[in-house]
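First up is the structure itself, then whatever we jot down about it.
FYI, side chains are in, hydrogens and waters are out, and symmetry mates aren't considered; it's all heavy atoms of this structure.
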Amino acid sequence: MEKRVAVVTGGVGGLGRAICQALHKQERTVVAVDLPQSDQALDDFRQSLGQAKAEFRSLDVSDLDDCKRVFADIEASFGPVEILVNAAGITRDASLRKMRPEDWRAVMAVDLDALFHTCQQVIDGMMSRGFGRIINISSVNGQTGQFGQTNYAAAKAGVHGFTMALAREGAAKGVTVNSISPGYIDTAMTRAIRPDIREQIIAGIPVGRIGRPEDIARTVAFLSADDADFITGSNIPVNGGHFISF
Ligand code: CAA
């Protein structure tokens with residue numbers, strides 16, 4: 001695999017970290033971007049990647065100007081970004097009757113606006129060089145909806161629309177754009193669900209277990225491979241059979 005520069009948003013978090021590990025294994029130059037981290041959290045992150053030189057940049061993906069600044073800095077330091085994984089995501093679960101405007105706005109900003117902010121920094125370069133891999137992390141709940149997630153389900157369904165449209169723009173120029181829809185994966189996000197509700201959801205997963213971050217990371221590795229050039233505009237569900245469709 002060529003030593004291409006890969007940026008992973010939400011790169012220090014549960015899914016992002018496993019994705020960074022998988023891309024490292026493919027010899028990519030991985031730059032994790034995430035909200036500012038404590039020294040301890042960064043140490044943990046670097047250790048989990050098994051090397052001292054895991055690259056990290058602070059970035060708030062909901063802020064367009066921050067994205068412009070940080071992506072310019074990454075390209076100046078490491079070279080053109082050829083792989084972009086949008087894994088940053090938040091939940092602010094509440095039924096619609098209780099949802100505050102700030103819960104709606106925060107989720108739309110981080111889970112959907114961010115795709116516009118980050119992809120716009122890299123798409124021109126990818127198209128002019130004739131190679132790019134963009135992978136957007138959506139969710140099973142963007143396909144099915146979930147009680148208490150009108151904000152999250154709307155944003156994650158929006159991720160699919162964005163992905164399909166950008167796939168058409170990049171297709172003739174070697175840029176593939178795909179989404180992955182994780183089911184329930186063992187991360188801080190799902191550990192925050194009320195325990196009884198969480199247990200009930202896990203009990204309903206046909207393969208009989210909650211997902212592991214590595215289940216998502218290997219799908220990212222597959223879609224970002226140099227020769228994965230005929231898969232674009234797709235969504236790959238990775239959910240243990242939680243939602244089976246075609
Ligand atoms: N399904 C059906 N009915 C539900 C329900 C559910 N999941 N949750 C609550 N209700 C019912 C209650 O039984 C109650 O009914 P009664 O009024 O008849 O007693 C009523 O709705 C309560 O409504 P509230 O507005 O008061 O809801 P709440 O505050 O009790 O619960 C909630 C809201 C905390 C969001 C809860 O519904 C919940 O935890 N839902 C699951 C959220 C979830 O799965 N989030 C996933 C986060 S991880 C993730 O998103 C990653 C990924 O991509 C998969």
Side-chain angles (χ1 to χ4, degrees), residues 1-35 37 41-57 59 61 71 74 78-89 111 114-115 118-119 122 126 131-140 156 159 163 174-191 207 209-232 234-240 242:
M1 215 68 85
E2 282 195 39
K3 193 159 183 58
R4 303 179 186 279
V5 175
V7 172
V8 180
T9 77
V12 177
L15 289 188
R17 184 173 300 211
I19 292 167
C20 289
Q21 286 166 338
L23 294 174
H24 260 291
K25 279 195 194 131
Q26 292 185 312
E27 306 293 320
R28 309 304 197 181
T29 299
V30 181
V31 185
V33 296
D34 211 317
L35 291 175
Q37 303 288 313
L42 271 184
D43 276 356
D44 285 354
F45 170 68
R46 294 205 164 100
Q47 275 182 16
S48 70
L49 259 68
Q51 61 163 53
K53 249 185 73 56
E55 303 294 347
F56 170 79
R57 294 288 187 279
L59 171 65
V61 290
F71 276 81
I74 290 171
F78 305 103
V81 175
E82 296 190 291
I83 299 168
L84 169 65
V85 184
N86 281 299
D111 295 4
L115 267 57
T118 60
C119 292
V122 300
M126 287 179 174
F131 181 92
R133 299 280 178 269
I134 296 177
I135 296 153
N136 299 318
I137 305 298
S138 181
S139 165
V140 66
K156 292 300 190 178
V159 169
T163 298
V175 180
T176 67
V177 188
N178 293 289
S179 58
I180 297 173
S181 290
Y184 283 72
I185 310 292
D186 189 17
T187 62
M189 187 182 272
T190 53
R191 279 181 227 127
V207 303
R209 68 165 172 88
I210 193 166
R212 304 181 188 106
E214 294 71 25
D215 295 323
I216 307 307
R218 70 166 56 89
T219 315
V220 172
F222 167 71
L223 287 173
S224 62
D226 292 353
D227 58 0
D229 55 349
F230 205 60
I231 307 174
T232 196
S234 303
N235 171 56
I236 303 194
V238 184
N239 61 32
H242 186 112

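With sequence neighbours left out, Ser224 forms a side chain to side chain donor-acceptor pair (under 3.5 Å) with no residue at all. For Arg218, the salt bridge (charged side-chain N to carboxylate O under 4.0 Å, His left out) test picks out Asp215, with sequence neighbours left out. Under the side chain to side chain donor-acceptor pair (under 3.5 Å) criterion, Arg212 pairs with no residue, sequence neighbours left out. Thr9 pairs by the side chain to side chain donor-acceptor pair (under 3.5 Å) definition with nothing, not counting sequence neighbours. Every residue meeting the side chain to side chain donor-acceptor pair (under 3.5 Å) condition with Asp44, not counting sequence neighbours, appears here in chain and number order: Gln40. Residues satisfying the side chain to side chain contact (heavy atoms under 4.5 Å, CB included) test with Thr29, not counting sequence neighbours, are Lys3, Val5, Phe78. Partners of Asn239 by side chain to side chain contact (heavy atoms under 4.5 Å, CB included), not counting sequence neighbours, listed by chain and number: Val140, Pro237, His242, Phe243. Annotation: side chain to side chain contact (heavy atoms under 4.5 Å, CB included) contacts of Thr176 (sequence neighbours excluded): Arg133, Asn178, Thr232.
Between the side chains of Thr118 and Asn86, at least one donor N or O sits under 3.5 Å from an acceptor N or O.
Here salt bridge (Lys or Arg N to Asp or Glu O under 4.0 Å) pairs that include residues 12-30, with residues two or more places apart or in two chains, are Arg28-Asp226.
With Asp34 contributing its side chain and Val12 its backbone, the two residues share a donor-acceptor pair below 3.5 Å. Counting only distance, with no hydrogens or angles, the side chain of Gln21 and the backbone of Ser48 share a donor-acceptor pair below 3.5 Å. For the pair Lys156 (side chain) and Ile137 (backbone), a donor-acceptor distance under 3.5 Å is present.
The two residues Met126 and Ile83 come nearest to each other via the heavy atoms CE-N, 4.0 Å.
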